[in-house]
Amino acid sequence: MHLLLTRFTVRWLALMSGAAHATTALRALSRHAPEAEPDEDLAPRTPDPSTRRRAVPAVTQRTRRSPKPA
């Protein structure tokens, strides 16, 4: 049991240190990245009133599934 715990502890530490290294590297890359150019069209898009919308179908009542009385 002790060897199994040691193996998993070592793997967990390697995983966590690798994740920390990757996070540090990505943050360093983002610091040196050029500024993103802003989009030209920053106005919110509104729906075009000339387009027609589909009609929502009416909700029908559920049909009765029990057998009909004789």
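Side chains included, hydrogens not; waters and symmetry mates left out as well; all remaining heavy atoms used.
- Clustering of Ile, Leu, Val, Met, Phe, Trp and Tyr side chains at separations under 4.5 Å leaves Val10 isolated, with no partner residue.
- To the nearest 0.5 Å, atom NE2 of residue His21 and atom OG1 of residue Thr23 are 10.0 Å apart.
- Of the inter-residue distances, the one linking Thr9 atom OG1 with Leu5 atom CG reads 4.0 Å to the nearest 0.5 angstrom.
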Compile the donor-acceptor pairs under 3.5 Å between side chains in residues 24-32 and protein atoms, sequence neighbours left out, one pair per line.
from, atom 1, to, atom 2, distance (Å)
Thr24, OG1, Ala20, O, 2.8
Ser30, OG, Leu26, O, 3.4
Ser30, OG, Arg27, O, 2.8

